[in-house]
Amino acid sequence: MTTILRILYSHYKYIVEDLSDPRTKDWFLVGSPWVVLGIIAFYLRFVYVLGPKFMERRQPYNLKKVLVIYNIMQIVINVYLLYEAILIGWFWKYKVICEPVDYSNSPDAIRAAGAVWMYYMVKIIDLFDTVFFILRKKQVQISFLHVYHHAGVTFGAWAATRYLAGGHATFLGVINSFVHVVMYSHYLWTSLKLGKPWWKKYITQLQIFQFWTILVHYSTAILTKDCAFPKWPLIIFIPQNFFMLILFSDFYYKTYIKKSPSKVDQNGVSSKTESNENGVELSNGKSKTH
């Protein structure tokens with residue numbers, strides 16, 4: 001038994017410590033996988049147990065002003081991430097087919113690592129999307145796709161910061177930040193009641209395009225001979241990305257192809273509601289705005 005425990009510990013140490021990026025392993029909320037797993041576990045418990053219990057005998061909170069501020073903050077942060085991505089090399093210095101991770105302590109490499117860490121922080125902030133639904137007593141709108149996506153992306157962002165803070169994988173952050181700028185601009189538009197949005201269908205198409213682009217981009221590194229970017233994270237991530245592509249495509253089919261888009265929203269309910277990136281509806285009511 002002692003021998004088995006030693007073997008398990010040596011493997012754990014190899015994966016968690018030896019393979020990690022020495023530059024980022026001591027950064028805030030990066031040091032241990034148990035930190036991010038604890039955050040995700042609390043998120044899941046709040047979503048399915050603590051949150052509904054807390055709101056059971058309470059009226060829905062009116063979070064209109066909070067959500068306006070939150071949407072503006074998300075737009076600003078994601079625009080900044082795009083700005084950082086361009087400065088570190090995307091679209092002018094980084095190779096599209098295969099860009100290895102620069103593990104040096106050069107200013108450019110540290111800046112790239114910092115951008116990856118900031119992306120991880122943003123994914124933690126994104127968990128508040130679900131919290132706001134619960135506080136507005138919209139538990140029915142929290143779908144499997146919504147929760148799975150938020151929890152999975154948070155852990156993936158931690159893993160990127162811990163092991164791959166730069167290089168080929170950061171393209172995901174680039175395209176995802178762009179999508180989120182579009183998404184939260186849409187949320188801000190609707191929360192301010194500036195007019196009825198006609199572009200919701202195209203936002204879903206943009207999301208599907210995002211997964212196709214990432215799938216192709218990551219596959220190029222797998223297929224490229226002598227690519228210095230490690231293959232093991234791509235082998236893990238490509239099936240996960242493909243799964244998300246299936247979920248979003250199924251959502252799009254059921255909403256816009258199988259059902260009439262003139263009569264249903266992105267969640268397949270009524271024309272008075274709209275949905276967010278994860279297939280959950282967002283109401284235009286006074287106390288339900290997002």
Side-chain angles (χ1 to χ4, degrees), residues 1-53 98-106 109-110 112-127 130-131 144-170 172-173 214 218-219 221-244 246-247:
M1 185 64 179
T2 303
T3 302
I4 295 176
L5 289 175
R6 286 178 178 175
I7 293 174
L8 290 175
Y9 176 74
S10 65
H11 281 81
Y12 171 83
K13 185 177 182 298
Y14 173 73
I15 294 173
V16 175
E17 297 292 337
D18 298 343
L19 289 178
S20 65
D21 187 335
R23 304 169 305 167
T24 63
K25 65 179 184 178
D26 295 323
W27 289 8
F28 182 62
L29 299 183
V30 180
S32 169
W34 301 111
V35 174
V36 67
L37 289 175
I39 292 173
I40 294 173
F42 180 77
Y43 166 74
L44 294 175
R45 183 161 179 80
F46 182 84
V47 168
Y48 293 114
V49 180
L50 300 179
K53 186 176 181 180
C98 175
E99 180 64 34
V101 180
D102 183 356
Y103 288 105
S104 73
N105 289 306
S106 69
I110 294 298
V116 175
W117 174 83
M118 185 175 181
Y119 180 80
Y120 168 43
M121 293 295 102
V122 172
K123 296 306 107 180
I124 293 177
I125 295 173
D126 286 354
L127 299 180
T130 321
V131 173
F144 167 78
L145 176 55
H146 175 93
V147 176
Y148 178 82
H149 177 69
H150 273 66
V153 169
T154 300
F155 184 81
W158 171 84
T161 310
R162 179 76 175 183
Y163 301 102
L164 303 162
H168 195 81
T170 58
L172 180 151
I214 294 171
Y218 279 23
S219 297
I222 288 282
L223 299 174
T224 301
K225 186 178 180 181
D226 300 325
C227 178
F229 190 85
K231 297 289 194 298
W232 65 266
L234 299 177
I235 293 173
I236 294 173
F237 183 79
I238 287 176
Q240 158 65 15
N241 187 79
F242 187 69
F243 180 55
M244 293 302 299
I246 292 174
L247 290 178

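On a predicted model such as this, the values are computed, not experimentally measured, just so you know. Residues take their numbers from the sequence shown, with the count starting at 1.
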Which value, rounded to the nearest 0.5 Å, describes the distance between [X] atom [atom1] and [Y] atom [atom2]?
X	Y	atom1	atom2	value
Asn105	Arg23	CG	CZ	6.5 Å
Ser20	Asp26	OG	CG	8.5 Å
Ile214	Met244	CD1	CE	10.0 Å
Ile124	Thr154	CD1	OG1	6.5 Å
Arg162	Ile15	CZ	CD1	12.0 Å
Phe237	Asn241	CZ	CG	4.5 Å

Heavy atoms only: give me the nearest [X]-[Y] pair and the separation to one decimal.
X	Y	value
Tyr43	Thr130	OH-OG1, 2.6 Å
Ala109	Ser104	CB-O, 3.4 Å
Ala151	Ile40	O-CD1, 3.5 Å
Trp27	Ala113	CZ3-O, 3.6 Å
Val36	Pro33	CG1-O, 3.2 Å
Leu234	Ala221	CD1-CB, 3.4 Å

In sequence, state the C-alpha distance, the side-chain angles, and the governing distance for Val147 and Val47, and then conclude on side chain to side chain contact (heavy atoms under 4.5 Å, CB included).
CA-CA 9 Å; Val147 176; Val47 168; 4.2 Å; yes
Determine whether a donor-acceptor pair (N or O, by modelled atom type, separation under 3.5 Å) exists between the side chain of [X] and the backbone of [Y].
X	Y	answer
Thr24	Thr161	yes
Thr170	Gly166	no
Trp158	Val30	yes
His150	His146	yes
Tyr120	Leu29	yes

Would you check if [X] and [Y] make a side-chain contact, meaning some heavy-atom pair closer than 4.5 Å?
X	Y	answer
Asp102	Ser106	yes
Leu50	Phe42	yes
Leu127	Ile39	yes
Val153	Asp126	no

Is it the case that more than 12 heavy atoms not belonging to Tyr48 sit under 6.0 Å from its OH atom?
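More than 12 heavy atoms, drawn from other residues, nucleotides or ligands, come within 6.0 Å of this atom.
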Counting heavy atoms not belonging to Trp34, are there more than 12 under 6.0 Å from its CH2?
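No - once you tally the heavy atoms of other residues, nucleotides and ligands closer than 6.0 Å, there are 12 at most.
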Kindly determine whether Trp117 and Val122 satisfy side chain to side chain contact (heavy atoms under 4.5 Å, CB included), including the steps that lead there.
CA-CA 9 Å; Trp117 174 83; Val122 172; over 6 Å; no
Where does the angle between the aromatic ring planes of His168 and Tyr218 fall among parallel (under 30°), tilted (30 to 60°) and perpendicular (over 60°)?
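The arrangement is tilted - the two ring planes meet at 30° to 60°.
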Can we call the ring centroids of Phe243 and Tyr148 under 6.0 Å apart?
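Close enough - the centres of the two rings lie under 6.0 Å apart.
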